[in-house]
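Report on the following structure.
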Amino acid sequence: MKRSISWLLIAIFWFVAVSAAQAVTVASTLQSKKGMVTAANPLAAQAGAEILERGGNAVDAAIAVGFAIGVVAPYASGLGGEGYMVAVMADGREIAIDFRSTAPALATYENLDKAGKLWDVKYTPKGYCVAGMPAGVARALEFANLPLKELLAPAIRLAEEGFEINETFAKVNMDAWEILTKNAPGFLDDGMPWAAGATFRNPALAKTLKIIAEKGIDAFYNGELADNLDRFMQENDGWARKSDLQAYRALVKTPIKGSYRGYELSVPGSPVGGPRILATLNILEHFNLAMMDWDDPLAIHIMQEAMILTSLDQRRWLGDPATNPYIPERGYVSKEYARQRMMQIDLSRASDPALWYTELVGDPGPYNKGESYIDVMLEARQAASIEGAASEVPPSTTHFSVVDKAGNAVAWTQTISAFFGTGNMVDGYFLNNELGNFKSKPVKDSPINLEPGRRPRTTIAPLIVRKDGKLRWVIGSPGGGRIGSTVIEILVNLVDFDMDLEEAIRTPKFSGYDAYKAIHLEDDFPPKTVQFLESLGHEVKRYSYPDLYFGGPNAIAVGDDGVLTGVGSVRRLGGAAAPEKRKWFR
Amino acid sequence: MKNYMFRMILGCALFAIFSSVSLAAEVVLTPFGQSPDAMMVKVVLKKLGVDGRLEKVLQADGLQDEKVLITVVAGSSKGLGEAGIDKDAEIIRMQELVTAAKAKGMKVLVMHIGGKGRRGTLTDMFIVEAVPMADKLIVVEGGDYDGLFSELVKGTDLEMLTAESVRGTTEPLQIVLTEWGIL
């Protein structure tokens, strides 16, 4: 009798658990007070909401999304990738986890010279840097409530049972079809790209995730999965070895802080794009953008010029602080340095790209100790110069945001660099090609010279915004060289142009990045705006609207009344998901 | 001996059959907009036993003795950049190519296989130019999500065949190429 009752209780528990797992709401835009997850694919957002439903906190949910998005959008991130997490916990703790990839020991300029140019190896196993995503999860688990096995369950289910391919998956697969026919023909649908509406399963990835669920993250860096990668690399002339995986460490840091018109910002530090967000907003703070509007060409001109200035400085000065003796990040994000930089903006004329890498590069170093711009400028320092052209950054990557009912917030961006990374698959996941983010040839004093163990610099910038200590927005975006501009424009839309989150995301975007000599902009700007920008000397390159080239922010707003608004990316068919019966498990 | 002769004859017959299918370059492909989609159509053709010649920047004087010109329309800024041409030059290239092809009695098949994801300002500009050039049109369904292709063929004799996916284009391709005497 006792035994029967036990079985009955177990059955009831599972019934409730399963019901709860399904009791989430999913939409492209959603409101809830019970927690919110937004991600580049509604299925991944749903995975996170299910974890919230089961009693997980925002970090638990973010980990689950991180695994699930690697299944349903394997072209943008996954086990073979890397990223950065920023979290602000309800108890006041602020956490930044740097799980950026590192160059393998064999990735030296000497070996690169033998292999060809950097571009030649970018889509080969040599392009891979040691993946940090699983190690990032291991560090994030220190702030989570639920066991790893439970957080992996939704991803395993999706990989095993399959899911319907959406238009974004189909388009990206089509774009990368040629490289995949060479590097991962088994991924394709009988040699052809996967079409929207088809069902995609990844049994190899399901098996890999199950190994991690059973044996822990160590299986990836020190166990059979490490052996598999080592074997693949040796058989395919790659550089990474098991010893590189064993040496890899994700780093727990503190986010760097800044402010914009009274809003408090928490972003990741170098070698990613957080400092540039702060530096750009510091410049913009000096302009009364609220007097303008999103399509005012003067506002666009000011923002474009500010973003060019900060990207020039980023390119010259910022890199991996662990392997570079001098990274003047503090000066770069200082309000005083921004005053000097704003003086470079000519309101009546676009800057000349021919002067960008010489006359327009600044020197934030003198501001490292809080000096005033008056003192520094009186010393009339000459601007530094940088060698080598700016490189294009691919539009890959994915970002997701989570806020739980307790008010813990996570902004998490992860990537495999280019869509599908190197195009090579091992154990069901794609290998990143972050090596392309190093200098192709050594440049004196460059912070991104290729060096074993060094983290390359990228543009990712997960962001958490508070006002008077209260959580307001969790923002982030993929989009390579457009990540910074998209995140900055969303924030300006919210703060200066008084838009709601959905409108801020939907509003057409433009690029502001030194890799492009022209302003790249989505088509929905009024013709007169474009005409005026051209009259200022800007070259304009137009894209259709909406275009995933401009990223895919998945963000959350927190209202004064505590209502969470989740908005999935309109440009990548993202989604928002919220738990429904959260209180059952409190 | 008889057996040997039989094998010889059979071998020659098979060679003749296969050479008529795969050796004769009866189909030439070129992208319109310089996306890589034409390469996919080449793979589909191969599955049908047709060895199409693919030339990314095929010019009018580059036509040989082919019977069919297939142009796969989709704009790619990257592709145009790599080919060293701009969108206007690409349109002129295609106009001259199709004029030359028709003068030689060739059939022109226009294909859009990229679905909704391959639509956009640049591609739409090429689509509007391409459709009136076609003798037949094959479109992967999502590509006509807003009725652009349907609108362009409305009131014309142009037949539009559809497929669910790139893989699915095998069927309409087979129909068209059979009708045109290639298969």
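In this text, all values refer to a predicted model and were calculated from it rather than measured experimentally. Chain letters run A, B, ... following the sequence lines, proteins first, then strands; residues in each count from 1.
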**Q.** B:Ser76, part contacting chain A, at a heavy-atom distance under 4.5 Å
**A.**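 For B:Ser76, there is no contact with chain A at all, as no heavy atom is under 4.5 Å.
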Q: Could you walk me through whether A:Asp175 and B:Lys78 pass the side chain to side chain contact (heavy atoms under 4.5 Å, CB included) test, one step at a time?
A: CA-CA 11 Å; A:Asp175 288 341; B:Lys78 189 179 164 201; over 6 Å; no
Neighbour count above 12 (heavy atom, 6.0 Å) for [X] [atom1]:
X	atom1	answer
B:Lys56	NZ	no
B:Glu141	CD	yes
A:Phe532	CZ	no
B:Asp65	CG	no

**Q.** Heavy-atom pair count under 4.5 Å with chain A, highest-scoring of B:Ala74, B:Gly168, B:Gly114
**A.**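 Top option by heavy-atom pairs under 4.5 Å: B:Gly114.
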Q) Are A:Met174 and B:Ser35 close enough, and set up right, to give a side chain to side chain contact (heavy atoms under 4.5 Å, CB included), and what steps lead you there? A) CA-CA 10 Å; A:Met174 194 150 211; B:Ser35 83; over 6 Å; no
Distance check, rounded to the nearest 0.5 Å: [X] atom [atom1] versus [Y] atom [atom2]?
X	Y	atom1	atom2	value
B:Asp37	A:Trp177	CG	CH2	9.0 Å
A:Tyr543	B:Ser77	OH	OG	5.5 Å
B:Lys116	A:Glu167	NZ	CD	6.0 Å

Q) Can you find a heavy atom in the side chain of A:Met192 that is under 4.5 Å from one in the side chain of B:Thr169? A)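 With C-beta onward as the side chain, the pair stays apart.
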Q | Residue pair B:Leu122 / A:Arg542, side-chain heavy-atom distance below 4.5 Å | A |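 No, every pair of side-chain atoms sits at 4.5 Å or beyond.
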Q) Can you list every ring-ring contact (aromatic ring centres under 6.0 Å, His included) pair that touches residues 39-65 of chain B, not counting sequence neighbours? A)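 Sorted pair list comes back empty.
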Q. What closest approach, in Å, do B:Met40 and A:Pro193 show between heavy atoms, and which atom pair accounts for it?
A.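 Residues B:Met40 and A:Pro193, closest heavy atoms: SD-CG, 3.4 Å.
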Q | Chi angles and distances behind the side chain to side chain contact (heavy atoms under 4.5 Å, CB included) call for A:Leu188, B:Arg167 | A | CA-CA 11 Å; A:Leu188 296 167; B:Arg167 268 181 74 188; over 6 Å; no
Q) How far apart are the C-alpha atoms of A:Thr181 and B:Met39, what are their side-chain angles, what is the distance that settles it, and do they pass the side chain to side chain contact (heavy atoms under 4.5 Å, CB included) test? A) CA-CA 11 Å; A:Thr181 55; B:Met39 182 74 87; over 6 Å; no
Q. For A:Asp523, is it the side chain, the backbone, both or neither that has a heavy atom under 4.5 Å from a heavy atom of chain B?
A.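 Contact with chain B involves the side chain of A:Asp523 alone.
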